[in-house]
Structure formats: structure tokens, C-alpha cells
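A quick write-up on the structure given underneath.
So that the names make sense, note that chain A is the first sequence line, chain B the second, and so on, each numbered from 1. Because the structure is predicted, anything quoted here is derived from the model rather than measured.
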Amino acid sequence: MMGFDFSQIGPALPGLMDGMVLTLKLLLLAVSGGVALGTVLALMRLSSNRLLSGGAKFYVNYFRSIPLLLVITWFYFVVPLIFKWISGEFVAVGAFTSCLVAFMMFEAAYYAEIVRAGVQSISKGQLNAAYALGMTYGQAMRLIILPQAFRKMMPLLLQQSIILFQDTSLVYAVGLMDFLNTARSKGDIVGQPNEFLILAGVVYFVISFGASTVVKRLQKRLAV
Amino acid sequence: MSAMITLKNVSKWYGDFQVLTDCSTAVEKGEVVVVCGPSGSGKSTLIKTVNALEPFQKGEIIVDGMSVGDPKTDLPKLRARIGMVFQNFELFPHLSITENLTIAQERVLGRSKDEARQKGLHYLDRVGLKAHAAKFPGQLSGGQQQRVAIARALSMDPIAMLFDEPTSALDPEMVNEVLDVMVELAHEGMTMMCVTHEMGFARKVANRVIFMDKGAIVEDCAKEEFFGDIKARSERAQHFLSKILQH
């Protein structure tokens, strides 16, 4: 039997912390961007304009049908080219930005479906009441429909974000030092790869399961 | 003098199904017109065409000189001038009563926070609910919510009010508190178009009664005439009235 030796984890903690900070930073930015883009896609999808709803439908179906890992690696090469195409000159984009764009665009497809269901769950009468008071479509959405829809779909949005928290670990594919990648490389260096991976597993479990429990409680409270 | 609301040969289809057929009528300034008829007769659809919540395919509607069907008409601006009260109240559940009263005044009419609040609370007081200003819609009874909805519409200083079955979703004991507010409004000279089955209300304050059936206006006459000699009414109106007036 092989014994475990966790002695090297203590000295590695500051580095692991840096990795976790990167993971959380990536997560928060990706969730904000993803929800914003997802909301736009949802409203396009619900539009009576066929071009808008068709475009959004294609986007959502496309990104839901390809693996996230593919998007991450692909964007690593494509995003710098797009930046170059926009600004005319080469910009060093870096793995963090390309990963962020990949997550935002990929998750937007999932958030869009959640937001769409949320908006559809608000009765047509609310929209009519907003219109009857003289509100424009934009005002009715921003002030009346979306605030109610977001309240209803908050548990689903958070649940999706917990999945994203785990999926951020896929950035190892482009060499970004997130929490998991840091743990792996530090473990390799000191010759305790199993111990470091066990620690990483425990940390991911505690955070994800803890957040998930909070979300379930929130869901129960909102359901009453 | 041209009428406040004029409908000329308004027709509407859902696909092949015609829901409104050649509806024509007019509501003068200060007039109270009650629209009644069996369910599915198109009365709610008709009243919603007046502020363009329901589009129509043929005919013309003029409200205070503005053509509702004209694509160039600024619909939000037009709607802001017409108050509407719905069957299911449609207060905004995520906003307090005060915010329900002020949000459109501020965002649509551009009134200041103070002015909007003052106006909103004035009308909330008028419908007898000033004490509930800080509550949320879910904390009020149906009758109270509908009175708030009327106050919300009035806060916009409308030139006319549309009521779409304002009492049909209410428990019986709450109907009167809402009707009382509507009667008071009528006495003050508000121009009103009301879809309702409350014939007591019609008898008390209506100038005219419109009876609709199968998407068409079958009767459109003065209240005295409508209720005076029931035998002189169309067969369909007689049948309808015999069903709702016997109690």
C-alpha cells in the first residue's frame, strides 16, 4: 500500500490561492458576460422578427451541440485573429482573455434558454399593463418583465454557474494556471501528484456542493 | 365636435377566424359607454384595439385626433394618455404600491420623483388606500389591488379610461368597492369605455350601452332605450339580458 504524504501542501498554499483567484475571476466575468449576452439572445429568440429569432436559435443550437473544450482551444487561436481583424494590428490577447470570451459565448447559449423560459413565465398581461402605461418595449422589458423573470430563474442561473465553476478547469488545455492546473503542476514538481489532486477534488467538492445546497434552499424559499 | 374615441368599421382576424366584424361606434368626451355581451363576443378584443394592445387589420380608430392604426403614430405616447384597467389587475408584483403608482409617471412622462409620488399618493388616497402605500401588491386583496390599478391609471392624467372586465376576477364581496370608485369617476366627467357585466353599474352611470355578439356590434343605444323596453331589443340581446338580469 502506498502511503499519502501531504507535507508539501502547506508551502504550496499561496500559489494554490493564486490559482483559485484566477478561477473565480474567470468565473465571475464569464457569468456576467454570459448572462448579459444570453439575455440579448433570449430577447432576440422571442422577437417576432424572423431574422433575429432565427439567428439566435442557430447560435444557441450551435453552441449547445459542440464540446466546451473545442470552443476553448479553438478560440485560443481565433480570438487573436478577430482582435487583429477589428483593430487592424496584432494584439497579444493571452490565454485568459481568449478563455473568457470562449466561456462567455459558450455559456450564453445555456443562459439564453434559461432567460427565455423565465421571460415566457411572466404573463402577457404584465407586458400589456406596461404598454398601456406608455412604456416602450425596452422600458417594459428592463423595468417590468426582466426583473420578475430574473427573480424566478435565479436558482437555475446559479445552478448553471456552479457547473461553469467546474468547467473552468478545462482551461488547462491552453495552459492557463487556474486552481486545478496549479495543483497539478505543483504536485508534479514536489512529487506528490496524488495528494495535490485529492486536495483539489476536496476543494471543488466543498465549494460546488456548498453553493448547490444554498441554491436549493433559495429555491425552496422562492417557491413559497 | 369630434368624439374622443371613434371606431370606423374595425375588423380583425386571427388567421382565418374573424374576431371583429365592422365595428363602428364613438365615445364623446365625458361619456360613459358600457360594452356587454356573451363571453367570446369580442368585447375585450375591441376595447384593446383602442389603445393598440390588439392590432386590427381593417377600419380606423381615432383617439383624440390620433390614428391608432397608422404606423407613424407614436403608440407609447398615445397609450400614455389613455388609462387602462385589466381584469387581472396587473399590478407589478416586484414593486411596492408607491412604485407601481410612480414608475410610469417618472419613466414615461418624465415627472420628478417628488411630483410623481405626490400625484400617486393623491390618487391612492382617493381610492381609500393611502395606508397601504408601502406594501406590495401580493399583500392586498383583489378589490384593493384593482383600486390601486385604477389609481395607477389616473396618476397618468389620462384623457379617457378603458376598463376591461374590472370586476370579473373579484370575489363578490369586493365588487362594490371597485364599482364605487368607477361610479365616482363617471360622476366627475371622466370619459370611460367599460367592458362589464355589471348591469347595475350600467343603469347607474352609463350614457350608452353597446351589445356585442360574435364579433359584431348588435346594439348601440342610449341607456334609457337599452333598459327601457327590453322587448324592442334584438333577439340575441334579449336572450343575453334574460340570463343576467333575472337575479
Is the count of non-hydrogen atoms from other residues, nucleotides or ligands lying under 6.0 Å from A/Trp74 atom CH2 greater than 12?
-> no
Decide if atom CD of B/Gln57 counts as having more than 12 heavy atoms of other residues, nucleotides or ligands within a radius under 6.0 Å.
-> yes
Heavy-atom count around A/Arg64 CZ within 6.0 Å, excluding the residue itself: above 12?
-> yes
Rounded distance [0.5 Å steps], OH in A/Tyr131 versus CG in B/Asn51 = 12.5 Å
Side-chain contact, heavy-atom cut-off 4.5 Å: B/Met156 with A/Leu133?
-> yes
Within-4.5 Å side-chain heavy-atom neighbours: A/Met135 and B/Ile103 = yes
Closest contact, heavy atoms only, B/Phe92 versus A/Ala129 | CE2-CB, 4.0 Å
Are any of the side-chain heavy atoms of A/Lys124 and B/Glu90 separated by less than 4.5 Å?
-> no
At a heavy-atom separation under 4.5 Å, does B/Arg152 approach chain A through its side chain, its backbone, both, or neither?
-> both
Heavy-atom donor-acceptor pair, B/His94 side chain to A/Ile145 backbone, under 3.5 Å | no
A/Asn49, CG atom: more than 12 neighbouring heavy atoms under 6.0 Å = yes
Write down the atom of B/Phe86, the atom of A/Ala132, and the distance for their closest heavy-atom approach.
-> CZ-CB, 3.9 Å
For atom CZ of A/Arg45, is the number of surrounding heavy atoms from other residues, nucleotides or ligands below 6.0 Å larger than 12?
-> yes
Cut-off 4.5 Å, heavy atoms of chain A, and the answer for B/Leu91 is backbone
Is A/Phe209 atom CZ crowded by more than 12 heavy atoms from other residues, nucleotides or ligands, each under 6.0 Å away?
-> no
Is the shortest heavy-atom distance from the side chain of A/Gln139 to the side chain of B/Pro76 under 4.5 Å?
-> no
Say you draw a straight line from CG of A/Leu143 to CD of B/Glu99; how long is it, rounded to the nearest 0.5 Å?
-> 11.0 Å
Do other residues, nucleotides or ligands put more than 12 heavy atoms under 6.0 Å from the CG atom of A/Leu51?
-> no
